[in-house]
Q: 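Just passing along the structure, written as structure tokens.
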Amino acid sequence: MAAEIQPKALTRKPVLLSKVEGSQDVVSMAAIVPKEDGIISVSEDRTVRVWLKRESGQYWPSIYHAMPSPCSCMSFNLETRRLSVGLDNGSISEFILSEDYNKMTPVKGYQAHQGRVMMLLFVLEMEWVLSTGQDKQFTWHCSESGQRLGGYRTSAGACGLQFDVETRHVFIGDHSGQVTILKLEQENCSLVTTFKGHTGGVTALCWDPVQRVLFSGSSDHSIIMWDIGGRKGTAIELQGHNDKVQCLSYAPHTRQLISCGADGGIVIWNMDVERQETPEWLDSDSCQKCDQPFFWNFKQMWDSKKIGLRQHHCRKCGKAVCGKCSSKRSSIPLMGFEFEVRVCDSCHESITDEERAPTATFHDSKHNIVHVHFDATRGWLLTSGTDKIIKVGLRRLL
């Protein structure tokens, strides 16, 4: 169960560098062009735009290209300047951008899905284009020939997609809350495993290939860190949003996870700390502290002549407790609870000030974020939202 989020004591004002306006509908995705004063964006208004910063300090579109269908996602490779755009009609269109980012040349297209393309990745090392669709299909194509190499049917539409080049493992997060790991070959794939930890659908995935950790964001407002490389099944929960988590990004050089939500919140998580798993909630018919019966335990209520109480759970030890024995609240940052949650009285006494030290900072973007991109070369953070605006912020807020 997701923890109740209390008012943000650590909220900070973002350092806003630029606002880019002009789209007529939601900006589905956008990306900072590394080493250039440029931004690439795709929108539900059917446009692909490349924005370059002029001498006035404002961004103006150097490329404005109309697509046959609303744009749902994109993937840009700097080395080849290849831009792949996923569309609402299920197709993927590929373009090559000129060196000065003033021209966009069509290369090829794929009819990858029977419904909206939810997410796509261009993998230069394999010359593959990976995509997921609303049709519950994961597919991969050869980026050179355009040939469809294979596919896999997921349990629901999937908008979480990540790929590990070293192992050729693809991670797919779908709307049922399941994460699927596949091993890809040139023309076939094999199922490695599936796992599920969210009570809502998976909305975003982020992969750290160095630490071999997968992050999943969900409509249940939570994030889970899955230790894939450790092979121990460790799953760490992070609670920091009041609404569904929309997107994730990772800064590997500082080991910071960036999560953005429909609540407009940007949360910067310090992952360079030793975090702890949240305990399983224990089942009991009576309070595991004072032995008072819970309201469904009719026999003990009759025998003890006591009124049954409501059951709660301590977030630190997982014990089933009554309200009187869990009247205290505390943050437990190393367990992912940055805000105060219910704990039993004995656990409250055992938590030290050091254990309450925050491991995340919170920022209000003032818009419903649908996508985030972090440019590590300059430390810029880009967000796009349902308000049709692209915002670029400075890294020093991290």
Q: When you measure from the side chain of Lys324 to the backbone of Cys290, do you find a donor-acceptor pair of N or O atoms at a distance under 3.5 Å?
A: no
Q: Suppose the criterion is ring pair (Phe, Tyr, Trp, His ring centres under 6.0 Å): which pairs have a residue in residues 85-126, not counting sequence neighbours?
A: His65-Phe95, Tyr110-His141
Q: Are any of the side-chain nitrogens in Glu44 or Arg116 under 4.0 Å away from the carboxylate oxygens of its partner?
A: yes
Q: Indicate whether the side chain of Ser41 and that of Trp51 have a donor and an acceptor atom separated by less than 3.5 Å.
A: yes
Q: Is there a side-chain contact between Gln114 and Gln134 (heavy atoms, below 4.5 Å)?
A: no
Q: Is there a donor in the side chain of His348 and an acceptor in the side chain of Ser350, or the other way round, less than 3.5 Å apart?
A: no
Q: Look only at the side chain of Ser218 and the backbone of Gly201, and say whether a donor-acceptor pair between them is shorter than 3.5 Å.
A: yes
Q: Would you say the side chains of Thr359 and Asn270 form a donor-acceptor pair under 3.5 Å?
A: no
Q: Any donor-acceptor pair under 3.5 Å linking the side-chain atoms of Ser155 with those of Lys136?
A: no
Q: So do the side chains of Leu381 and Val372 get within less than 4.5 Å of each other, counting heavy atoms only?
A: yes
Q: Judged by atom type as modelled, is there a donor-acceptor pair below 3.5 Å linking the side chain of Lys391 to the main-chain atoms of Ser365?
A: yes
Q: Would Lys19 and Asp387 pass as an ion pair if we require N to O under 4.0 Å?
A: no
Q: Determine, using ring centers only, whether Phe215 and Tyr250 are less than 6.0 Å apart.
A: yes
Q: Does the pair Val179 and Leu214 meet the rule for a side-chain contact (heavy atoms from CB on, under 4.5 Å), with working shown?
A: CA-CA 10 Å; Val179 177; Leu214 181 72; 3.9 Å; yes
Q: Any salt bridge linking Asp164 with Arg212? Criterion: basic side-chain nitrogen under 4.0 Å from a carboxylate oxygen.
A: yes
Q: Apply the side-chain hydrogen bond (donor to acceptor under 3.5 Å, both in side chains) test between Ser326 and each candidate in Arg315, Arg342, His312; give the one that qualifies.
A: Arg342
Q: Are the ring centres of Phe171 and Phe138 closer than 6.0 Å?
A: no
Q: Quick check: do Cys344 and Cys325 have side-chain heavy atoms less than 4.5 Å from each other?
A: no
Q: Check ring pair (Phe, Tyr, Trp, His ring centres under 6.0 Å) between Phe195 and all other residues, then give those that pass, not counting sequence neighbours.
A: Trp226
Q: With the side chain counted from C-beta on, respond yes when Val370 and Ser384 share a heavy-atom pair under 4.5 Å apart, and no when they do not.
A: yes
Q: Any donor-acceptor pair under 3.5 Å linking the side chain of Gln24 with the backbone of Gly22?
A: yes
Q: Is there a donor in the side chain of Gln246 and an acceptor in the side chain of Asn368, or the other way round, less than 3.5 Å apart?
A: yes
Q: Evaluate Asp272 against Gln256 for side chain to side chain donor-acceptor pair (under 3.5 Å), listing each step before the verdict.
A: CA-CA 7 Å; Asp272 196 22; Gln256 289 174 309; over 6 Å; no
Q: So, His373 and Ser249: side-chain donor and acceptor under 3.5 Å apart, yes or no?
A: no
Q: Tell me, with the steps shown, if Ser259 and Trp269 meet side chain to side chain donor-acceptor pair (under 3.5 Å).
A: CA-CA 8 Å; Ser259 64; Trp269 304 88; 3.0 Å; yes
Q: Could you report the tightest heavy-atom contact between Gln137 and Thr154, atom names first, then the distance?
A: N-OG1, 4.3 Å
Q: Any luck finding a side-chain donor-acceptor pair between Thr352 and Glu354 under 3.5 Å?
A: no
Q: Taking atom types as modelled, find out whether Arg49 and Thr47 have a side-chain donor-acceptor pair closer than 3.5 angstrom.
A: yes
Q: Would Asp37 and Arg378 count as a salt bridge (charged side-chain N to carboxylate O under 4.0 Å, His left out) here? Give the steps.
A: CA-CA 11 Å; Asp37 279 329; Arg378 281 178 294 185; 3.1 Å; yes
Q: Show me the pairs that pass salt bridge (charged side-chain N to carboxylate O under 4.0 Å, His left out) and involve residues 73-83, at least two apart or across chains.
A: Arg82-Glu94, Arg82-Glu144
Q: With side chains defined as the heavy atoms from C-beta onward, is the minimum distance between Trp128 and Leu121 less than 4.5 Å?
A: no
Q: With a 3.5 Å distance limit and no angle check, can you tell me whether Ser72 reaches the backbone of Met118 through a side-chain donor-acceptor pair?
A: no
Q: What I want to check is whether the side chains of Thr383 and His371 have a donor and an acceptor closer together than 3.5 Å.
A: no
Q: Mark yes or no for whether Thr132, through its side chain, and Ala158, through its backbone, hold a donor-acceptor pair below 3.5 Å.
A: yes
